[in-house]
Amino acid sequence: MNPPHEHPRRILVAVTGLSPQVVTETLYALAVKAKPTFVPTEIRLVTTQEGADRAELLLLHPESGWFHRLRADYGLPPIAFGRDHIHVLKGARGQPLDDIRSPADNTRAADIITEVIRALTQDADSALHVSIAGGRKTMGFYLGYALSLYGREQDRLSHVLVSAHYESNPEFFYPTPTSRVIQTPPPKSRPLDARDAEVTLADIPFVRLREGLNRELMEGESSFSEAVAQAQRALPKLALALNPATRTVEAGGESFVISRAQFAFYWMLAERALQRLPGLHWSDEGIEAEFLAFRARLVNPASGTYERAEEAYAHGLTAENVNPLKAHIKRQMERHLGRRRAASYLIQALERIPGTKYTRFGLRLPPKAIRIVGGKFAAVDKRLVGTCGFGA
């Protein structure tokens, strides 16, 4: 795979609102300052009707347009950027939008932005650099999310950073190669030299979900919600497998080993979820016997290791020995899966215990998502269930 700057078609995509300066700022950072430089062959702008009008006057005017000035100042090659490269957001009736003011406008903006990215990523020779620095926050969000849905290995996402006093200054468009005096906005107006400004790009990593979209969504016009739903369906299904022989947890596509105490505790909760039994609480009568039954399956019950476990829980399970177990398991899950993927596999609060301030805890995984390698172990016998007060 060629790096982005070596692709024959290089496209800068940006959203803007009332400040089209983000286009020239990003172009400067990419084509002048970056190493290696990424000189776009074309620029695509997604904006409102007022944003398009401002871009035409401030960036594209044949005499005073700052896009043309930047190219001349730094000797950049021709870059395709004209009125036809500006995508104006439109409402449900096809009318150009001056702003995003309603849920319907919001939906249309998402769909238009998604379609722009989908169409541009159809060309295998193209490499996109997408900037989310301008426009309303929702526009930047949709642009970044659309790239996550359709983006390829050669595509990039960034946010432009401008030094203090120059950021959002209506007179500043890019650091000029020679001195150019501008004024900060009132009431504390003061002169600045545009040449002294610092403009950099913050690269934003993103998850590429393109492989989860079907051919219809890849090749035909689609809505934002349709693409998100399709990508969601393609994500790995919930699946938890526990292997007591190796103390291995397999969850979210990752496998890792945890300590005996952690495995026994998590196994106990997984078995309860598998058997559709209620959650647990450390204050439940007989809970230590149930926990030790799982510990006995991991080590020889006649061993010193098991004897030490019996001594540790001789006085039952308490908040002091249960909460650290839960915390350690959470830390292991998030370390190996990341917070987002780990969330579904964590020990969670379940139902409130009637007449008390306590809440039972357990796994919210459906039984069909849980597998015990080597066969299901029904460690929770009827007598223990009865003494813990859970019912049969």
Side-chain angles (χ1 to χ4, degrees), residues 10-40 42-83 85-88 98-99 129-137 139-140 143 156-204:
R10 301 175 300 278
I11 310 170
L12 168 59
V13 185
V15 288
T16 64
L18 304 183
S19 300
Q21 288 93 330
V22 68
V23 175
T24 46
E25 291 166 353
T26 306
L27 179 58
Y28 167 84
L30 286 172
V32 178
K33 190 173 181 181
K35 302 297 180 188
T37 58
F38 179 94
V39 182
E42 64 184 276
I43 296 175
R44 298 282 180 156
L45 190 59
V46 183
T47 185
T48 59
Q49 181 62 63
E50 185 173 355
D53 294 340
R54 292 194 179 210
E56 287 192 70
L57 289 173
L58 294 172
L59 301 181
L60 298 176
H61 191 279
E63 296 177 3
S64 59
W66 286 100
F67 165 70
H68 302 302
R69 290 192 191 186
L70 188 154
R71 280 193 53 238
D73 278 345
Y74 290 99
L76 298 181
I79 301 172
F81 182 33
R83 185 63 185 84
H85 294 80
I86 300 177
H87 304 267
V88 177
D98 282 327
D99 200 356
H129 189 102
V130 174
S131 172
I132 60 171
R136 285 193 174 274
K137 291 180 180 179
M139 294 170 65
L143 187 61
R156 298 291 183 267
L157 182 68
S158 75
H159 187 287
V160 69
L161 304 175
V162 181
S163 52
H165 305 301
Y166 296 91
E167 183 180 14
S168 301
N169 187 319
E171 293 188 27
F172 177 75
F173 286 81
Y174 59 88
T176 51
T178 58
S179 182
R180 175 176 174 266
V181 178
I182 62 175
Q183 296 288 330
T184 61
K188 296 182 179 181
S189 296
R190 67 184 184 90
L192 295 173
D193 195 330
R195 180 176 57 181
D196 297 333
E198 287 292 328
V199 175
T200 57
L201 286 182
D203 186 65
I204 303 174

Query - Exceeds 12 heavy-atom contacts within 6.0 angstrom, atom NE2 of H87 - result: yes

**Report entry** Heavy atoms from other residues, nucleotides or ligands near CD of E198 exceed 12 (cutoff 6.0 Å)
**Finding:** no

Pairwise side-chain contact, [X] with [Y], heavy-atom cut-off 4.5 Å (strictly under):
X	Y	answer
S64	R69	yes
F81	I86	yes
P185	P170	yes
K33	T200	yes
Q49	D98	yes
L161	L201	no
L192	V181	no
I204	H159	yes

Is the backbone N or O of [Y] less than 3.5 Å from a side-chain atom of [X], with the two atoms forming a donor-acceptor pair by type?
X	Y	value
N169	Q183	yes
S163	E167	no
T47	V88	no
R83	E56	no
T37	V39	no

In Å and rounded to the nearest 0.5 Å, what is the [atom1] to [atom2] distance from [X] to [Y]?
X	Y	atom1	atom2	answer
H68	L76	NE2	CG	13.0 Å
Q21	R54	CD	CZ	9.0 Å
E25	L30	CD	CG	12.0 Å
F172	H165	CZ	NE2	13.0 Å
L70	F173	CG	CZ	11.0 Å
L12	I79	CG	CD1	8.5 Å

Please report the closest heavy-atom contact between [X] and [Y], naming both atoms and the distance.
X	Y	value
K188	T184	O-OG1, 3.2 Å
P177	R195	O-CD, 3.7 Å
E42	R44	OE1-NE, 2.9 Å
A31	P40	CB-CD, 4.4 Å

Quick one about [Y] and [X] (side-chain donor to acceptor, distance below 3.5 Å, no hydrogens or angles considered), yes or no?
X	Y	value
S179	D193	yes
H129	S158	yes
D73	Y174	yes

Requested in this report: Decide side-chain contact (heavy atoms from CB on, under 4.5 Å) for T16 and V23; before the verdict, give the C-alpha distance in whole Å, the side-chain angles of both, and the deciding distance to 0.1 Å.
Outcome: CA-CA 8 Å; T16 64; V23 175; 3.8 Å; yes

Requested in this report: Apply side-chain contact (heavy atoms from CB on, under 4.5 Å) to the pair V22 and V160, showing each step before the final yes or no.
Outcome: CA-CA 7 Å; V22 68; V160 69; 3.8 Å; yes

Query raised in the report: Would a line drawn from the ring center of Y28 to the ring center of Y74 be shorter than 6.0 Å?
Result: yes

Requested in this report: Assess whether side-chain contact (heavy atoms from CB on, under 4.5 Å) is satisfied between E50 and L18, documenting all intermediate values.
Outcome: CA-CA 7 Å; E50 185 173 355; L18 304 183; 3.6 Å; yes

Report task. Evaluate the side-chain contact (heavy atoms from CB on, under 4.5 Å) criterion for residues Y166 and V199: first the C-alpha distance (whole Å), next the side-chain angles of each, then the deciding distance (0.1 Å), finally the verdict. Result -> CA-CA 9 Å; Y166 296 91; V199 175; over 6 Å; no

